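Read through the structure below, which is laid out as structure tokens, and then see the notes.
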Amino acid sequence: MLEPDKMHDSHGSHDAHAGHGVMHEGHETMMRNRFFVTLPLTLIVLLFSPIIQQWLGFQIAFPGSEWIAPILGTVIFFYGGLLFLSMARQELVQRQPGMMTLISVAITTAYLYSLGIFFFPPQDAMGSGMMDFFWELATLITIMLLGHWIELRSVGQAQGALRELAKLLPDTAERILASGETEKIEVGQLSAGDRVLIRPGASIPADGVVAEGESSVNEALITGESLPLDKKPGDRVIGGTVNGSGSLRVEIQQVGDQTALAGIMRLVEDAQKSQSRAQTLAQRAAFYLTFIAIGAGILTFLSWMIFTGNLSDAVRYTVGVLIIACPHALGLAVPLVVAISTTLSARNGLLVRKRVALESAKDLNTIIFDKTGTLTKGEQGVVQVAVDSINEDDALRIAAGLEGDSEHMIAQAIRGYVKGRELSPTSVNQFESLAGRGVKAVVDGKTYFIGGPRLLEQLNLTVPASLETAKQNAETAGQSVIYLTTETAVVALFAVADVIREESREAVQKLHDLGLKVAMLTGDSEPVAKAVAQALNIDTYFAQVLPEHKADKVRELQKGGNKVAMVGDGVNDAPALLTADVGIAIGAGTDVAIESAGIILVRSNPMDIVKIIRLSRATYSKMIQNLVWATGYNVVAIPLAMGVLAPIGITLDPAIGAVFMSVSTVVVAFNAQLLRGLDLSKA
């Protein structure tokens, strides 16, 4: 059994911080603590900084006050800055210089430059512009610590989903003994085959099937389904969900790593470890920016020395370039969005195994659905009722009475339909089964029969003209037709088929609204496929497709220039899921960890496909917005810091550049947080 303190460590290593790889939870606490130590020290450094006093028009000085900024700056550098230098060393050892290298170059340059200015002040330092940067060093490190803390906190919230999922499981269960009594045991002691008592309001300890009792179960935290689901004997229940007001006796089928909850936890963990193309882009940008910054610094120094011969200007502009090139916003651009989207997807029952799959969903233009169990319920149901010389409710009551003892799927469909209409089956007597044709029984002294076309042959009955249209429509749609008759006439007709989900109609319409085409694959006959396609307004359908040929149909659509997603159950659809540009598997339980899919839907609700498209587009949009902002700042700031416009009097003071750098970080963080307000259920 997975417990919060025994879960596999999903946090990983820092990944050299090339793209702010995931840190251990302890790093978040360390960043927070160091931030709160350096913050008051930074405020004091700012207060005693000559340039800040000059800008704000005040002066605080007393004997020895000139040592405050260097001393506190040194404390901040070693207490807060060495952390970044240590991570930069990891990057360099792995030959992947990136974000930490840039940060380390910036703070080391600022520190050494400031020490040099303090201990070896040039003549007329104020006039030459060569002032110390202790204030900027302090603010830079403190802002970096704050930014990293914010990032790790956001990532931690996504990782917290694992701990929250683990908390859904109760600590104990009530196992039912052979005597009928119960004993309280640890959940970890449960085995497949055990029966447990689930009292009203209690959490279900593991996956299983209801053996006795009826109740409603709240599965919102697992499946995202907002309404409690009714459960009766034979229905599956998921460990971690909450029982309603009824009492249930559940036979346990999966425990520990085999449960749906454990599978979901593995998927959330995998999603946090996986990377997207945008993350790779951010890492690559940081890698190249490291060389650009160092190269720009060298070029700046040489250019100023060659063209002006002024060492103070050469050093000042070089330091400015190296400090301003530190693009903390770039480091936050993607990880914050990734962390938030991971949480958002899990809350909506969308489990992302491969982040590239979620990102690729934005480019899709065709969605292929496997019909049975996805667009349809995967179970037989009454889809049409037509009557002649009898009241419809009476016909349904009599049919349910005649089918009362049958376990045939059509009989179950009729009984379920009658129950849904809140009608009670009529009592029957003298029940008799007619092998291969149907059944007969007496209702209020009158004999009734129910069965298919062979029953009519035996009774030598014909379908009356009033029912002929309903019969032809059902046969055209490939639906099974069941007749209720007396000894002399057909009085009612029931068309039975795999029932189309109500959500399917809305899902297809929403996908059309998003500009996507919808296709359907099925092994059913042409009439059945055509009927479902027409009912749902599906653009293209493929009938009588064997499982091994489904991948061929995917390739057929791809050859037409389409970006295709395949939605299936992940078993016989595995080749098609792997062939598609994005594979989307449906279902919970042990099937939740289907290796062939990039995205798993906890529910079999086709509306969740719409959520995937919306989340993909919104997530990618936020990533690109952040990357453009973060890199755009450097594109403008570095040349200005180099002094390319100095001949016309336009320069970027390193102090001002540092302020803008901080602003860009705040903008990127704020923009990422806007994703939290996304409602995937709305357009």
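Predicted, not measured: the structure shown is a model, and the values here were computed from it.
Gln558 and Asp581 share a donor-acceptor pair across their side chains, judged by distance under 3.5 Å alone. No side-chain N or O of Thr476 forms a donor-acceptor pair with one of Gln472 less than 3.5 Å apart.
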- Message: I'd like to know whether Val610 forms a side chain to side chain contact (heavy atoms under 4.5 Å, CB included) with Glu506, so could you lay out the CA-CA distance, the side-chain angles of the two residues, the decisive distance to 0.1 Å, and finally the verdict.
- Response: CA-CA 10 Å; Val610 180; Glu506 183 181 3; over 6 Å; no
- Message: Quick one, Leu601 with Ile609, criterion side chain to side chain contact (heavy atoms under 4.5 Å, CB included). Give me CA distance, side-chain angles, the key distance, then yes/no.
- Response: CA-CA 9 Å; Leu601 306 183; Ile609 307 301; 3.5 Å; yes
- Query: Can you list the steps and then say if Met566 with Leu521 is a side chain to side chain contact (heavy atoms under 4.5 Å, CB included)?
  - Reply: CA-CA 10 Å; Met566 173 67 195; Leu521 283 175; 3.9 Å; yes
- Output, in order, the C-alpha distance, side-chain angles, deciding distance and verdict of side chain to side chain contact (heavy atoms under 4.5 Å, CB included) for Ile538 and Phe369. CA-CA 10 Å; Ile538 287 175; Phe369 286 98; 5.9 Å; no
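How far OG of Ser341 is from CG of Leu350: 11.0 Å, rounded to the nearest 0.5 Å. Between the NZ atom in Lys231 and the OG1 atom in Thr241 there is a gap of 7.5 Å [rounded to 0.5 Å]. Here Ser215 contributes atom OG and Ile198 contributes atom CD1; the two are 10.0 Å apart, rounded to the nearest 0.5 Å. To the nearest 0.5 Å, atoms CD1 (Ile612) and CZ (Arg617) are separated by 12.5 Å. Rounded to the nearest 0.5 angstrom, Asp539 CG and Ile367 CD1 are separated by 11.0 Å. Rounded to the nearest 0.5 Å, atoms CD1 (Ile340) and CD (Gln673) are 4.0 Å apart.
Between Lys232 and Asp235 there is a salt bridge, since a side-chain N of the basic residue sits under 4.0 Å from a carboxylate O of the acidic one.
Considering all non-hydrogen atoms of both residues, Ala551 and Thr579 come closest at CB-OG1, 3.5 Å. The nearest pair of heavy atoms linking Val499 to Gln380 is CG2-C, 4.2 Å. Residues Ala565 and Ile584 share a closest heavy-atom pair of CB-CD1, 4.3 Å. Pro606 and Ser504 make their closest contact through CG-OG, 3.5 Å (heavy atoms, listed as atom of the first residue, atom of the second, distance). Taking all atoms of both residues into account, the shortest heavy-atom contact from Gly239 to Asp207 is N-OD1, 2.8 Å. When all heavy atoms of Ala535 and Arg505 are compared, the pair lying nearest together is O-NE, 4.1 Å.
Residues Asp608 and Asn348 form no side-chain contact, since every pair of their non-hydrogen atoms from C-beta on lies 4.5 Å or further apart. In this structure, the side chains of His549 and Phe542 stay at 4.5 Å or more apart for every pair of heavy atoms. Residues Met520 and Leu375 meet the side-chain proximity criterion, which asks for heavy atoms closer than 4.5 Å. Inter-residue side-chain proximity for Ile238 and Ile204 is flagged as unmet; no heavy-atom pair is nearer than 4.5 Å. Residues Lys517 and Thr540 have side chains not in contact (no heavy-atom distance under 4.5 Å, counting atoms from C-beta outward). Asn671 places a side-chain heavy atom less than 4.5 Å from the side chain of Leu674. The closest side-chain heavy-atom distance from Met607 to Arg501 is not below 4.5 Å.
Under the 3.5 Å distance criterion, the side-chain polar atoms of Asn562 are matched with a main-chain donor or acceptor of Leu557. Judged by distance alone, with hydrogens and angles left aside, the side-chain atoms of Gln479 form no donor-acceptor pair with the main-chain N or O of Val383 at under 3.5 Å.
Here the options are Thr522, Asp498, Asp370, the test is side chain to side chain donor-acceptor pair (under 3.5 Å), and the partner is Thr376; only Asp498 passes. Considering Lys371, Glu526, Lys530 in turn, Glu526 is the only one that fulfils the side chain to side chain donor-acceptor pair (under 3.5 Å) rule with Tyr541.
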